[in-house]
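Counting starts at 1 for both ligands and their atoms, in listed order. Basis for what follows: all heavy atoms, side chains included, without hydrogens, waters or symmetry-related copies.
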Amino acid sequence: MMLIKKNRGWDIKECHLTDENHFRNRRNLIKGLAAGSILAAGGGSLLGSTSALANAPSPHPIADLFPSKLNPAYPLDRELTLEKYATSYCNFYEFGSSKNITDEAQAMKLEPWTITFDGMVEKEKKVDVYDLIRQMPMEERTYRHRCVEAWSMAVPWTGFAMKSLIDYAKPLSGAKYVRMETLEDKDTMPGLSAFWYPWPYVEGLTIEEATNDLTFMATGIYGKPMPKQNGAPIRLVTPWKYGFKSIKSIVRITFTDERPVSYWEEIQASEYGFWANVNPDVPHPRWPQSHERVLGTNQRVPTMLYNGYGDYVADMYKNIKNEKLFM
Ligand SMILES: Nc1nc2c(c(=O)[nH]1)N[C@H]1C(S)=C(S)[C@@H](COP(=O)(O)O)O[C@H]1N2
Ligand SMILES: [Mo]
């Protein structure tokens, strides 16, 4: 594994990417150029035109489901991150590549919001996300979250086990993977003008991973409906994997027998793999993964294998050979 020469530990800029030039030669540059010139024409004023809507008071469609009952099965080994940090220091590239995208994210329209289930399922369907959530067994769980950029947080999510969603979707027995897609809306997502990225954001899990007890669909955080910047109205949470697997603002769930290529893997396969399980002993090519900065504190603590969730998940990987499980 490559070791870092230039970056000394905590000097790293907390951004997956250092340079757009990574992509100059990529084949999707061509397709992106066309989209980019259209965006350039209409850019700039998009946020201004929607801010009045975002500020209009209206009851949240699932407000009555909060707070949900805490499931005590997942106790933390550390203090909860303060809400103000977890809801203001966010990765959501659709709204920009900085951590400070809260204002931009308020332009996202949450109603109506439909999720499409397609691919290898008994019957394809399009459902209203809030109707769907109401059919699911809501609970609250506290989980650690470890970003590949070596910062971490510990937060209470509200939502339901992804297993319930898989049961609801009724995949065919031949389906091996679940592929998820984020909303791609040029009118409200200024980050999409970064046309060299392969939008929409895509992530994937094996069916076995998706039905693991830990795998969670989050619809809220800190006992409240999910803020837009954290991935409203529904996002994935896989706490044993690096944070980029936890795809936000999902609009499509596809069952397939082919391994999906996820967004970061498409961008830079030498740095971000399909499995992305947390491992302190496998450095990222550009920085170490041995420790993490705890968001909202001055603490730097050792990172744990599978982010400390090995008892739940390690068995799934014991027979997998010749795969980069930790990248
Ligand atoms: N659609 C989408 N999902 C995403 C991202 C993103 O940029 N776009 N960033 C990922 C990364 S790198 C992390 S660490 C987490 C951050 O979640 P948080 O902002 O709620 O902490 O979201 C993940 N899900
Ligand atoms: Mo991340």
Side-chain angles (χ1 to χ4, degrees), residues 12-17 80-106 108 113 115 142-159 179-185 188-192 194 197-205 215-222 224-253 260 262-268 271-273 276-278 284 286-287 289 292-296 303 307 327:
I12 63 163
K13 190 178 167 231
E14 290 198 336
C15 190
H16 292 208
L17 297 162
L80 280 180
T81 300
L82 288 180
E83 178 177 353
K84 65 175 177 185
Y85 296 119
T87 58
S88 67
Y89 185 89
C90 297
N91 265 333
F92 203 161
Y93 274 62
E94 285 82 342
F95 296 102
S97 58
S98 88
K99 297 289 182 285
N100 189 10
I101 49 73
T102 299
D103 289 348
E104 286 79 358
Q106 302 320 303
M108 185 162 60
W113 191 285
I115 299 194
T142 56
Y143 278 163
R144 290 181 294 276
H145 172 99
R146 171 60 158 82
C147 175
V148 73
E149 300 159 336
W151 57 268
S152 70
M153 62 182 186
V155 299
W157 300 109
T158 304
R179 179 187 184 279
M180 287 154 277
E181 240 178 62
T182 296
L183 177 70
E184 180 183 16
D185 179 16
T188 55
M189 295 175 146
L192 302 193
Y197 291 152
W199 310 109
Y201 199 99
V202 167
E203 262 305 339
L205 298 170
T215 310
F216 203 60
M217 300 302 302
T219 61
I221 190 169
Y222 296 93
K224 292 172 236 171
M226 191 71 79
K228 293 177 179 179
Q229 64 272 22
N230 292 95
I234 192 162
R235 67 170 297 171
L236 179 69
V237 179
T238 46
W240 74 99
K241 292 180 179 288
Y242 290 117
F244 66 85
K245 295 295 293 185
S246 292
I247 180 172
K248 295 177 166 181
S249 304
I250 297 167
V251 293
R252 181 183 297 273
I253 299 183
S262 50
Y263 174 85
W264 285 106
E265 189 182 4
E266 174 83 24
I267 290 172
Q268 195 73 331
E271 302 189 357
Y272 309 102
N277 296 311
V278 175
H284 182 280
R286 291 184 278 127
W287 58 81
Q289 293 292 24
E292 63 205 48
R293 184 177 67 83
V294 182
L295 194 59
T303 288
N307 200 21
M327 188 197 77

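Remark: Y93 engages no residue in a side chain to side chain donor-acceptor pair (under 3.5 Å) (not counting sequence neighbours).
The distance from the OG atom of S246 to the CG atom of N230 is 11.5 Å, given to the nearest 0.5 Å.
Salt-bridge check for E292 with R144: failed, with every basic side-chain N at 4.0 Å or more from each acidic carboxylate O.
Listed by chain and number, residues touching ligand 1 at under 4.0 Å (heavy atoms only) are H16, C90, N91, F92, Y93, E94, H145, C147, W151, M153, T182, Y201, N230, R235, G243, F244, S246, I247, K248.
Scanning all heavy atoms of the two residues, the minimum distance from Q289 to V148 falls at NE2-O, 2.9 Å. The heavy-atom pair separating L295 from Y85 by the smallest distance is CD2-O, 3.9 Å. Between S249 and F92, the closest heavy-atom pair is OG-CZ, 3.3 Å.
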